[in-house]
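In what follows, a single structure is set out as structure tokens and then discussed.
Position 1 is the first residue of the sequence; numbering continues from there.
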Amino acid sequence: MKRGGRDFRTGETIDAKAYAADSIDIRHIFPQKWCAANGIDSAYANCIVNKTAIDGQTWGWMGASAPSKYLVAIESGVPVSPQDLDAICNSHDIDPVALRQDDFGAVFDARFERLIRQIEDATGRPVNRGDGQDSPFSVQRGAAALARGIEALIKAGESKVVEFKSTGRMNLDTGLKDQAMEWAVIKTVAGFMNGHGGTLLVGVQDDGSVLGLEEELAVFSKKNTDGWEQWLTGLLIQSFGKAVTANVTVAFGTVDERTVARVNVAPASAPVYTTRTKTGAKGAVFLVRLNNTTHELDGPEASKYQHDRWYK
């Protein structure tokens, strides 16, 4: 709720009033009967990673169905568009693409990591993770699984919670580093944080064709994905600070023999401002995701958005 989890039925940010009025309770994302029928260990089916705040009417639409089926029932019952429902799922730290594929392991693994990061954010210290304390599905999330996830995102297309960028830093026309390209990345990440979270794929063009990072890596002194990730981390720290940057994770997958960066962004627990403007000058900018584009808000518009998103 603190991070802006939205009511599945109304789409509004969940607050104490909505929690009571809409019979919201902590319920299963993958229904217990579905988990049992599909061989999911009850310990994982019934743990908090597979639970979130769901209202009574939505719970009725879900029943014991697979997510791929109950999401369609929710869309027709509310009604709500698939894109808007994906954004609601994302506000609960649920990967909507994996959910629509009934991929318990992918949803569990991604949400497990998000919840760990929220614990670290709340306590201000890293979680001690010894042997056997990672997600039980992490060993299944190898290179092939990562590639499948990226391919699924590309197939679904850009939305409120997914965006494609051809490059992160390099201007394709000049072949040189370009501050405007960096600002485009900052803008998207900030919009996701101030919205409902999201995923940025870098190395993918607007039409979904895979360009890859190989050409861009040439502009780095360390010409590999480590160098690219170090650049992105430094850019985000410079733009938002270390605490906010901790809510961003990066993974690299291979699609069509090209490298694509998957940048997952968690929704923020408070408004996030950039520490510089588009021109690079010092200054605070508040950016939000509106449909599949990102816009700057200020004055009364920013105040109203922040009230509705975090303080309602």
Is it true that [X] and [Y] make a salt bridge, defined as a side-chain N closer than 4.0 Å to a carboxylate O?
| X | Y | value |
| --- | --- | --- |
| Arg262 | Asp95 | yes |
| Arg100 | Asp86 | yes |
| Asp22 | Arg9 | yes |
| Glu163 | Lys165 | yes |

Grab the two heavy atoms, one from [X] and one from [Y], that are nearest each other, plus how far apart they are.
| X | Y | result |
| --- | --- | --- |
| Ala218 | Lys223 | O-NZ, 2.8 Å |
| Ala87 | Arg6 | CB-NH1, 3.7 Å |
| Trp183 | Arg276 | CZ3-O, 3.5 Å |
| Trp34 | Ala66 | NE1-CB, 3.3 Å |
| Tyr70 | Leu99 | OH-CD1, 4.0 Å |
| Asn50 | Ala45 | ND2-O, 2.8 Å |

Is the count of non-hydrogen atoms from other residues, nucleotides or ligands lying under 6.0 Å from [X] atom [atom1] greater than 12?
| X | atom1 | result |
| --- | --- | --- |
| Lys33 | NZ | no |
| Lys278 | NZ | no |
| Glu215 | CD | no |

Could you tell me which residues satisfy side-chain contact (heavy atoms from CB on, under 4.5 Å) with [X], sequence neighbours excluded, listed by chain and number?
| X | result |
| --- | --- |
| Asn292 | Arg289 |
| Val78 | Trp61, Ile74, Val80 |
| Ala20 | none |
| Asp173 | Asn171 |

Could you measure the distance from the [atom1] atom of [X] to the [atom2] atom of [Y]? Nearest 0.5 Å is fine.
| X | Y | atom1 | atom2 | value |
| --- | --- | --- | --- | --- |
| Thr274 | Lys282 | OG1 | NZ | 13.0 Å |
| Asp103 | Phe108 | CG | CZ | 13.0 Å |
| Ile40 | Asn46 | CD1 | CG | 11.5 Å |
| Thr293 | Lys187 | OG1 | NZ | 8.0 Å |
| Met193 | Thr245 | CE | OG1 | 6.0 Å |
| Asp7 | Asp55 | CG | CG | 5.0 Å |

Whether the side chain of [X] engages the backbone of [Y] through a donor-acceptor N/O pair (distance < 3.5 Å, no angle test) should be reported.
| X | Y | value |
| --- | --- | --- |
| Thr199 | Asn264 | no |
| Tyr44 | Cys35 | no |
| Asp25 | Arg27 | no |
| Asp93 | Arg111 | no |
| Glu216 | Arg169 | yes |
| Ser76 | Val72 | yes |
| Asp102 | Ser68 | yes |
| Asn90 | His196 | yes |

Apply side-chain contact (heavy atoms from CB on, under 4.5 Å) to the pair Trp231 and Glu182, showing each step before the final yes or no.
CA-CA 10 Å; Trp231 156 76; Glu182 293 188 332; 2.8 Å; yes

[Y] and [X], any side-chain heavy atoms less than 4.5 Å apart:
| X | Y | value |
| --- | --- | --- |
| Asp308 | Lys304 | yes |
| Phe240 | Val272 | yes |
| Val49 | Leu115 | yes |
| Asp109 | Phe104 | no |
| Ile186 | Leu235 | yes |
| Asp84 | Lys160 | yes |
| Leu172 | Ser166 | yes |

Going by ring-ring contact (aromatic ring centres under 6.0 Å, His included), name the residues that satisfy it together with Phe8, two or more places apart in sequence or in a different chain.
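Phe8 satisfies ring-ring contact (aromatic ring centres under 6.0 Å, His included) with His92 once adjacent residues are dropped.
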
[X] and [Y]: same hydrophobic cluster, using ILVMFWY side-chain contacts below 4.5 Å?
| X | Y | result |
| --- | --- | --- |
| Phe164 | Phe192 | no |
| Val107 | Ile88 | yes |
| Val204 | Val263 | no |
| Val189 | Val244 | yes |
| Leu232 | Leu211 | yes |

Can you find a side-chain donor-acceptor pair between Glu214 and Thr259 that sits under 3.5 Å?
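Distance-only check passes for Glu214 and Thr259.
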
Tell me which one of Cys89, Ser65, Pro96, Pro82 satisfies side-chain contact (heavy atoms from CB on, under 4.5 Å) with Leu71.
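Of all the options given, the one that passes is Cys89.
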
Ring pair (Phe, Tyr, Trp, His ring centres under 6.0 Å) contacts in which one or both residues fall within residues 248-267, not counting sequence neighbours
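Sorted pair list: Trp228-Phe252.
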
